[in-house]
Enquirer: 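Please see the structure below; I have some questions.
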Amino acid sequence: MTAPAMLPKLRQQLILSVLMLCSLLIWLDNTVLSTTLETLADPVRGLGADPGELQWATGSYTLAFATLMFTAGALGDRFGHRTVFSGGLVIFAGSSLWAAYAGDAGQLIAARAAMGVGSALITPAMLAILMWTFTGPARAAAIGIFSTSAGVGMAAGPVLAGFLLDHFRWGSVFLINVPVAALALVGLAVLVPNFRSPTLRPLDPAGMLLSIGGLVGLAYGLIRAGQVAAWSRTDVWAPIVAGLVLLALFVLAELRVKVPSFDPRLLAQRTFGGGNAALGLLLFAVAAITFYNAFYLQGALGFSPMKAGLVNIPTAAGALAGAPLATRLVRRLSLRVVTVPALTVAALTMGGYGVLGLQTPLAWIEILLLVQGLSIGMVIGPVTAALISNLPLAQAGAGSAVTNTVRQTGSVIGIAVGGTIMSIVYRRAIEPSLEGAPGPVQEQARVSAEQARHVATAIHQPALVRAADDAFIHAMHVGAGWIAAITLLGAAVLLITLPATGKKKGPIPEPDYEGADRAAQATQTVLEAKS
């Protein structure tokens, strides 16, 4: 199919409903895991996973998603977006079932990586179908409606996860994906034509393998450092070096490709390169601080999963309010005047975790999370939209690929580095409290605060519980300082690279249908920014 046939309005609306259901499914899955981390770390209620395993359970999904998404878009060009979409849903549902009944952390990590593969196949096909189904003003309205699914997923995910964890075993947070995916598959088969682009893009297997190998090596070395509490070991620095070399080769390979999936040349542009660097640093910080937040609320403060989910609602509410607020302010002022102070405030809220403790009133935590979500939303949405809209239409797809890759890479590395800082500092802080304890107790308590609390309860040593809580709080304070500094670096990059005043622009021409999939990728970046 080379041109979109005009579909009946009712069918268009039903297709939009199916797409929103799938988008909601992806966003729910992106948010439920953070609420589940504390349970997974528990040796009785979960899998007894250590921090490194939890870092991989979080990062493996993001890594697979980041490195496969644009190859998936090329597959849609060749075989039809409905076909690729359906395959992604089948993989996502099957791997969700696998994750729900995983017997150990290794199985969970593998299942989460497979879920990332499914999401990578779903996402570009979902946006391509949206762009092919609607035209003109109806397309803009559909995109606006579709974007609300991200906000609903962000707000509902932690609460849904909390409810399920309070009433069922931890696997229920993944099991719920299966019937939703099955319903979406039926909707796709009945309603959606198998749209495909007449212009085929290359699959770029070399770039895909180099990027996967590079990110896996880099993440492995960083996470391994936290597990062994040393940077000088060969199994730490060798994977890091190998990962960096493979990523450098990936950039060189993409420079030699005529139509690259990831175009490094775009990063040489001052505003585009600087804006993406700042977004990468911000997403690094967001991933790391979210990792800390999960263990602080449920572990140190002892909140139930449901209560922790409710506490995190202000973050989602702030992020949803921040994007449109900043958009209005940018029209009156400029992108730099709005986003640099907002990113500075975001850095201060990251550093604010350095003053949270075991007795901090809940109201102060809620205020901190609300301001954090608001400031992050005021940066990600406007900066992402500006970076894509400032590119020529012919480069929109390539620019979206670069922006998404940088953001997802920032998240993967943020989880690895943030978790490693927490593990190393915690281990050093808990050590003095373990003197005189039996060897097995010491070994288990060094793994994490969750393991220390469990063994302390088993041997009736409340003093060890207090020591574990204090050690975790100290580790969180140290990590928050580093995270705040990295976020401030992002603000400095924006200050230097963004123009001082905004330029008035006319409306961007509507993309032609032959480039619908590439335009869809650009739209996806903007939609994600609103989350």
Enquirer: Starting from the C-alpha separation in whole Å, work towards a yes-or-no answer on side chain to side chain contact (heavy atoms under 4.5 Å, CB included) for Phe85 and Leu121.
Expert: CA-CA 6 Å; Phe85 198 155; Leu121 294 173; over 6 Å; no
Enquirer: Under 3.5 Å, is there a donor-acceptor pair between the side chain of Gln298 and the main chain of Phe303?
Expert: no
Enquirer: Output yes when a side-chain donor or acceptor of Arg169 lies under 3.5 Å from a complementary backbone atom of Ala100, and no otherwise.
Expert: yes
Enquirer: Can you check whether Gln451's main-chain N or O pairs, donor with acceptor, with Ser448's side chain at less than 3.5 Å?
Expert: yes
Enquirer: Determine whether a donor-acceptor pair (N or O, by modelled atom type, separation under 3.5 Å) exists between the side chain of Ser172 and the backbone of Leu175.
Expert: no
Enquirer: With sequence neighbours left out, write down each residue that passes salt bridge (Lys or Arg N to Asp or Glu O under 4.0 Å) with Arg427, or none if nothing qualifies.
Expert: none
Enquirer: With side chains defined as the heavy atoms from C-beta onward, is the minimum distance between Leu33 and Leu40 less than 4.5 Å?
Expert: yes
Enquirer: In the structure I gave you, are the side-chain heavy atoms of Ile421 and Tyr292 within less than 4.5 Å of one another anywhere?
Expert: yes
Enquirer: Could you state the interatomic distance from CG (Asn293) to CG (Leu369), rounded to the nearest 0.5 Å?
Expert: 6.0 Å
Enquirer: If you look at every heavy atom in Leu25 and Leu89, which pair is closest and at what distance?
Expert: CD2-CD2, 4.4 Å
Enquirer: Rounded to the nearest 0.5 Å, what separation is found between the OH atom of Tyr101 and the CZ atom of Phe174?
Expert: 13.0 Å
Enquirer: Test of understanding: with side-chain contact (heavy atoms from CB on, under 4.5 Å), list the residues that count as partners of Leu283, not counting sequence neighbours.
Expert: Ile380, Arg407, Ser411
Enquirer: Take Val383 and Leu282, measure what side chain to side chain contact (heavy atoms under 4.5 Å, CB included) needs, and give me the verdict at the end.
Expert: CA-CA 12 Å; Val383 171; Leu282 176 56; over 6 Å; no
Enquirer: Evaluate the side chain to side chain contact (heavy atoms under 4.5 Å, CB included) criterion for residues Arg336 and Leu494: first the C-alpha distance (whole Å), next the side-chain angles of each, then the deciding distance (0.1 Å), finally the verdict.
Expert: CA-CA 7 Å; Arg336 188 168 79 169; Leu494 281 185; 5.9 Å; no
Enquirer: Over 60° means perpendicular and under 30° means parallel, so classify the ring planes of Phe163 and Phe168, tilted if in between.
Expert: perpendicular
Enquirer: Suppose we screen for salt bridge (Lys or Arg N to Asp or Glu O under 4.0 Å). Which residues come up paired with Asp42, at least two apart in sequence or across chains?
Expert: Arg45
Enquirer: Using the side-chain contact (heavy atoms from CB on, under 4.5 Å) criterion, which residues pair with Leu488? Sequence neighbours excluded.
Expert: Thr344, Ala347
Enquirer: Do any N or O atoms from the side chain of Arg453 and from the backbone of Val465 form a donor-acceptor pair under 3.5 angstrom?
Expert: no
Enquirer: Compare all side-chain heavy atoms of Ile289 with those of Gln372 and state whether any distance is below 4.5 angstrom.
Expert: yes
Enquirer: Please lay out, stage by stage, how Val478 and Tyr426 fare under the test side chain to side chain contact (heavy atoms under 4.5 Å, CB included).
Expert: CA-CA 10 Å; Val478 173; Tyr426 165 81; over 6 Å; no
Enquirer: With Asp470, which residues qualify under salt bridge (Lys or Arg N to Asp or Glu O under 4.0 Å), at least two apart?
Expert: none
Enquirer: Going by ring pair (Phe, Tyr, Trp, His ring centres under 6.0 Å), name the residues that satisfy it together with Tyr61, two or more places apart in sequence or in a different chain.
Expert: none
